[in-house]
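Worksheet: one structure, shown below.
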Amino acid sequence: MLRAKVLLVGPRESGKSVLANFVSESTEGICSYSPTQGVRILEYEKPNLGANGKGAGCRFELWDCSGDQKFETCWPALMKDSHGVIIIFNPELPSHLKEIEMWYSCFVQQQPLLDSQCLLVAHHKPGSAGDTENLSLAYPLNKLKLIHSNLEEDPEDVRMEFIKYFRSIITIINEDREREEMSIIS
């Protein structure tokens, strides 16, 4: 079974832990806000994640990383051997829109990840206005896949977007593995 390490990063109180719990179908700490200290790792197994529901399954490690920059010295260790990065932010907070550029720079550009290995999630908290559908993001963030997440209104849409993203990560891992095998053979 394939293993994939995906980091969930972004500003404080953007909803990383809520989304990590939702995607991994975990109910841990779902009731009240509690800042993540350093990192929290959730394992999530998805059988038959290939196209048309066929193909090998995959075990995902979702690394729910603290949004507190006091843990910045740990970031290189967190990034090691990661296959993807999900940047989560609250689109209603202007400070988050500025901060996500830093998260992108640190977690995507400074390690050799492709933009296709990155997903931007505008997470709408319960009771939020939700009128931020037309976000204008600056370059290079405007090149990234952006999804809006509202777990109150359309949880299944959010789940499907994450599954699409996880499928793309599996494809990249398989392509890398095949390239590596071919280089050994030739």
Side-chain angles (χ1 to χ4, degrees), residues 1-50 53 55-69 71-72 74-90 96 99-100 103-104 106-108 110-125 144-151 154-174 176-177:
M1 182 173 283
L2 278 178
R3 292 186 73 82
K5 175 181 175 181
V6 177
L7 307 178
L8 283 81
V9 302
R12 293 165 65 161
E13 295 190 51
S14 56
K16 297 177 295 295
S17 295
V18 170
L19 281 167
N21 287 341
F22 173 75
V23 169
S24 67
E25 299 165 3
S26 165
T27 55
E28 179 187 322
I30 217 157
C31 303
S32 61
Y33 176 72
S34 167
T36 302
Q37 297 301 311
V39 68
R40 193 176 64 112
I41 302 170
L42 291 96
E43 294 230 332
Y44 167 63
E45 219 165 280
K46 197 71 184 147
N48 306 325
L49 199 57
C58 187
R59 175 172 287 136
F60 288 93
E61 287 180 2
L62 301 178
W63 289 50
D64 173 15
C65 304
S66 172
D68 194 327
Q69 292 183 25
F71 295 106
E72 191 171 350
C74 304
W75 292 353
L78 300 179
M79 291 187 260
K80 185 173 174 19
D81 301 326
S82 64
H83 299 100
V85 173
I86 300 171
I87 301 172
I88 299 164
F89 65 100
N90 180 340
H96 279 204
E99 234 184 280
I100 57 175
W103 291 99
Y104 174 75
C106 289
F107 282 87
V108 180
Q110 289 181 20
Q111 53 175 336
L113 286 183
L114 305 169
D115 285 343
S116 60
Q117 289 170 277
C118 183
L119 177 67
L120 264 183
V121 180
H123 182 61
H124 301 272
K125 296 192 171 185
L144 304 175
K145 168 106 175 116
L146 168 69
I147 67 166
H148 287 266
S149 128
N150 186 326
L151 299 182
D154 49 15
E156 284 317 303
D157 289 355
V158 175
R159 192 178 309 281
M160 289 312 299
E161 288 294 342
F162 273 94
I163 288 173
K164 278 190 233 168
Y165 171 72
F166 290 145
R167 279 193 182 127
S168 72
I169 294 298
I170 289 173
T171 300
I172 290 167
I173 292 170
N174 284 331
D176 287 349
R177 185 181 283 173

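As the structure is a computational prediction, the values presented were derived from the model and not from experiment.
- The ring pair (Phe, Tyr, Trp, His ring centres under 6.0 Å) test applied to Phe89 returns no partner, not counting sequence neighbours.
- Note on ring orientation: taking the six-membered ring where Trp is involved, the planes of Phe162 and Phe166 are tilted (angle from 30° to 60°).
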CA sep, side-chain torsions, deciding dist, call: Leu19, Leu151, side chain to side chain contact (heavy atoms under 4.5 Å, CB included) = CA-CA 9 Å; Leu19 281 167; Leu151 299 182; 4.2 Å; yes
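- Panel note: side chain His83, backbone Val6; no donor-acceptor pair is recorded below 3.5 Å.
- The minimum heavy-atom distance between Pro155 and Phe22, with the atom names listed, is O-CZ, 3.3 Å.
- Among residues two or more places apart in sequence or in another chain, the salt bridge (charged side-chain N to carboxylate O under 4.0 Å, His left out) test is passed with Glu72 by none.
- Of the possible donor and acceptor atoms, one in the side chain of Gln117 sits under 3.5 Å from a partner among the backbone N and O of Leu114.
- Remark: Gln111 CD to Asp81 CG distance equals 9.5 Å, nearest 0.5 Å.
- The structure places CG of Asp68 at 10.5 Å from CD of Glu13, a figure rounded to the nearest 0.5 Å.
- At least one side-chain heavy atom of Arg40 sits less than 4.5 Å from a side-chain heavy atom of Asn21.
- Atoms CD and CZ, from Glu45 and Arg3 in turn, are 9.0 Å apart once rounded to the nearest 0.5 Å.
- Summarising the geometry of Ser168 relative to Ser116, their closest heavy-atom pair is OG-O, 4.1 Å, with the distance given to 0.1 Å.
- Annotation: side chain of Trp75 is not in contact with side chain of Val9 (no heavy-atom distance under 4.5 Å).
- Atoms CG and OG, from Leu42 and Ser17 in turn, are 8.0 Å apart once rounded to the nearest 0.5 Å.
- Rounding to the nearest 0.5 angstrom, the gap separating the CD1 atom in Ile87 from the CH2 atom in Trp103 is 9.5 Å.
- What you find for Tyr44 and Ser24 is that their closest heavy atoms are CD1-CA, 3.5 Å.
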Could you walk me through whether Val23 and Phe60 pass side chain to side chain contact (heavy atoms under 4.5 Å, CB included), step by step?
-> CA-CA 11 Å; Val23 169; Phe60 288 93; over 6 Å; no
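- Side-chain N or O atoms of Tyr165 include none that pairs as donor or acceptor with a backbone N or O of Met160 at under 3.5 Å.
- Here the side chains of Met79 and Trp63 are not in contact, with every heavy-atom distance at 4.5 Å or above.
- In plain terms, the two heavy atoms of Ser82 and Leu113 that are nearest each other are O-CD2, 3.9 Å.
- Separating the CD1 atom in Ile170 from the CZ atom in Arg177 is a distance of 10.5 Å, to the nearest 0.5 Å.
- You'll find the side chain of Cys74 stays beyond 4.5 Å of the side chain of Val39, heavy atoms only.
- Residues Arg12 and Glu99 are not paired through a salt bridge, judged by the lack of any N-O separation under 4.0 Å between the basic side chain and the carboxylate.
- Taking the side chain as every heavy atom from C-beta outward, Asp157 and Ile147 never approach each other to under 4.5 Å.
- A donor-acceptor pair shorter than 3.5 Å can be found between the side chains of Ser149 and His123.
- A salt bridge between Asp64 and Lys16 is absent, with no side-chain N of the basic residue lying under 4.0 Å from a carboxylate O of the acidic one.
- Smallest separation of non-hydrogen atoms from Glu61 and Ile41: CB-CG2, 4.3 Å.
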